[in-house]
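We name chains A, B, ... by the order of the sequence lines, and we start the count at 1 in each one.
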Amino acid sequence: MKPEKLQPLPGMNDLQFPEILHWQHVEEVARNVFGRFGLREVRTPLLERAELFERSIGDTTDVVQKEMYVFEDRGGRRVALRPEGTAGVLRNLAGRGPEGRAERVYYMGPMFRSERPQAGRRRQFHQIGVEILGPAEPLVDAECIVLQVLLLEAFGLKKFGLRLNTRGSEKDLPRLRRSLRDLLESRQARLCEDCRRRLQSNVLRILDCKQETCQAVVRELPPLDEFMSQESRDYFNRLERALDEIGISYEREPRLIRGLDYYLHTIWEIFHPALGAQDAISGGGRYRVDLGGESIEGIGFALGMERVIEALQAEGAGALSAATDGPQVWLVSIGRDAALANLALATDLRRKGLHCGGEFQSRSAKAQMRAAGRSGAELVIVRGSAEIERGTVVLKDMKTGNEDAVPLTEIVETVLGRVNREAGHDTAGTSR
RNA sequence: GUGGGCGUAGCUCAGCUGGUUAGAGCGACAGGUUGUGGCCCUGUAGGUCGCGGGUUCGAAUCCCGUCGCUCACCCCA
């Protein structure tokens, strides 16, 4: 067991080889897909004024009320580690003036929520997100959803499902809340303790309460869109038609509501059946956020990188080979003089772009060969005092076991030739 | 914040109802080949049994506390 001091904080993990290969893969694929949709990357600070999140996410939400890392900085400002990405990105875009109001951007990076860790839920977790600004338009919503589906497909995921719903327009929301409260108040005896509190603070959340008793009450309610205007219903119908036309399958989920206050109209979640309790790998929606007296409209989504990677592993698609970034050449040195000479040679080879390994300390030849074998290198260069005298090295092919004496003057050339041939042959299916 | 499960070697774990020097496999390291890997054989290193307290002649084992991990609630990506 490691001493406590050497362990990271609860819910915060080191990411390292070999799992890090999955992370790099996901990031690389995401950048590629975003390029196809004309999105630019934006990187915003991890630390922001606490009120930025309180105002945009909503100060009655759980995320803000009990999960945010809030503290005072040295200047006496109330600051918070970002619990999600949208607020910071919108702050940035709003500050860019009118052009910012039509930007399409993506971001990726760590977010922080002080919850009790469990499978698929860390205190520091990582999201990849997208924000497409501009006035409400069903076709933009459809494009955003398509983007997200293509992204997940590009990662190699197959078994995910899309749940879709609408919260109605900004004008509908107050009426929706009021109607729900009226309907639910008469049945509040059958609601759980939390939901009775939510009647006042956040009625909508009652809809997706997990308590069976509350679910029963919710099932008695009429469909939500009965409380919405004709425009809102038309808006959602146009979106559904667009998705059908494009060929994106989804499931209408009338009780889907989502936890942040800024959503309106289209909202959705993407879940993966292999994931257990935390099965939402991604979620998004259309929003309107007021920042500094200006209101910003757009649509966006965020996906949880650790959940996506977990899903990839569950599907068995993520079998990334550790060998893809291993050394191509390994240098074995017998004696200190040889070690120095080999370090010089390794420098030449590395300058030419080769992946070189080797220990420049005189262990036994046997131990060094064992290490060479384990490294997976295709070629091994062996040099001892005899080779130094003759001005040669021994070049060994680890597959065939053949050894040749190669003059020092030709070794770089020879290795480059051999490795290139093998590389062209061998890496067809890998991502080197 | 609430509840369940689990903390024994670098890793995966064994250790029966408390009994004397705490084990195995894998891995690491070394030797078997005075300078050659993947197989085989031999050996070596490595453990405050998470930590603290209690019960007992005696605790890895039982009890309490604590810390950590983990799963679930809650919430969300």
Check: Do the side-chain N or O atoms of Ser364(A) get closer than 4.0 angstrom to the phosphate oxygens (OP1, OP2) of rU36(B)?
Finding: no

Next item on the list: If rA59(B) has a Watson-Crick or G-U wobble mate with both distances under 3.5 Å, name it; if not, just say none.
Entry: none

Next item on the list: Describe the nucleic acid contact of Ile128(A) in one word from base, sugar-phosphate, nothing, applying a heavy-atom distance below 4.0 Å.
Entry: nothing

Checklist line | Any-strand Watson-Crick or G-U partner of rG1(B), both distances under 3.5 Å | finding: rC73(B)

Notebook entry, point to check: Looking at rU36(B), does its base get a donor-acceptor pair with the side chain of Lys396(A) below 3.5 Å?
Noted result: yes

Notebook entry, point to check: Arg363(A) side chain N/O closer than 4.0 Å to the phosphate oxygens (OP1, OP2) of rC29(B)?
Noted result: yes

Checklist line | Glu131(A) and Tyr287(A) side chains, donor-acceptor separation under 3.5 Å | finding: yes

Checklist line | Distance test, side-chain N/O of Arg122(A) to OP1/OP2 of rC76(B), below 4.0 Å | finding: no

Checklist line | CZ on Arg167(A) to CE on Met228(A), rounded to 0.5 Å | finding: 9.0 Å

Next item on the list: Classify the side chain of Gln118(A) versus the base of rC76(B) as yes if they form a donor-acceptor pair under 3.5 Å and no if they do not.
Entry: no

Checklist line | Side-chain heavy-atom pair Leu207(A), Leu256(A) within 4.5 angstrom cut-off | finding: no

Margin query: Under 3.5 Å, is there any donor-acceptor pair linking the side chain of Arg121(A) to the base of rC74(B)?
Written below: yes

Checklist line | Short side-chain N/O contact from Arg123(A) to OP1 or OP2 of rC76(B), under 4.0 Å | finding: no

Check: What nucleotide, of rC76(B), rG38(B), rG35(B), holds the atom closest to the side chain of Arg370(A)?
Finding: rG38(B)

Notebook entry, point to check: Any donor-acceptor pair under 3.5 Å between the side chain of Lys366(A) and the base of rG32(B)?
Noted result: yes

Notebook entry, point to check: Considering every strand shown, what is the Watson-Crick or G-U wobble mate of rG7(B) when both distances are under 3.5 Å?
Noted result: rC67(B)

Next item on the list: Report yes if some heavy atom in the side chain of Leu157(A) is under 4.5 Å from a heavy atom in the side chain of His272(A); otherwise report no.
Entry: yes

Check: Which nucleotide in the list rC74(B), rG35(B), rA77(B) gets nearest to the side chain of Phe125(A)?
Finding: rA77(B)

Margin query: Classify Gly129(A) by what it touches in the nucleic acid, base, sugar-phosphate, or nothing, heavy-atom distance under 4.0 Å.
Written below: nothing

Notebook entry, point to check: Under the side chain to side chain contact (heavy atoms under 4.5 Å, CB included) test, which residues partner Pro117(A), sequence neighbours left out?
Noted result: Arg122(A), Arg123(A)

Check: Under 3.5 Å, is there an N or O donor on one side and an acceptor on the other linking the side chain of Arg116(A) and the base of rU2(B)?
Finding: yes

Margin query: Using a 4.0 Å heavy-atom cut-off, does Arg113(A) contact any base of the nucleic acid, only the sugar-phosphate backbone, or nothing at all?
Written below: base

Next item on the list: Mind checking Ala119(A) for me? I need base, sugar-phosphate or nothing, with any heavy atom below 4.0 Å counting as a touch.
Entry: sugar-phosphate

Check: Would you say the side-chain atoms of Asn92(A) and Thr44(A) include a donor-acceptor pair closer than 3.5 Å?
Finding: no

Check: On a whole-Å scale, what distance lies between the C1' atoms belonging to rA59(B) and rG15(B)?
Finding: 14 Å

Notebook entry, point to check: Hey, does Ala367(A) reach any base, or is it just sugar-phosphate, or nothing, if we go heavy atoms under 4.0 Å?
Noted result: sugar-phosphate

Checklist line | Tyr263(A), nearest nucleotide to its side chain (from rG3(B), rG35(B), rA77(B)) | finding: rA77(B)

Next item on the list: Could you tell me whether the side chain of Glu387(A) has a donor or acceptor atom within less than 3.5 Å of a complementary atom in the base of rG35(B)?
Entry: yes

Note to self: Students often get this wrong, so: under 4.0 angstrom with heavy atoms, is Glu306(A) touching a base, only sugar-phosphate, or nothing?
What the structure shows: nothing

Checklist line | No-H, no-angle donor-acceptor pair, Arg307(A) side chain to rC76(B) base, under 3.5 Å | finding: yes

Notebook entry, point to check: With a non-hydrogen cut-off below 4.0 angstrom, is Met305(A) in contact with a base, only sugar-phosphate, or nothing?
Noted result: nothing

Checklist line | Any side-chain heavy-atom pair of Val130(A) and Phe34(A) under 4.5 Å | finding: yes

Check: Is a donor-acceptor contact shorter than 3.5 angstrom present between the side chain of Glu403(A) and the base of rU36(B)?
Finding: yes

Note to self: Heavy-atom nearest nucleotide on RNA chain B for Pro10(A) versus Gln127(A): which residue maps closer to 5'?
What the structure shows: Pro10(A)

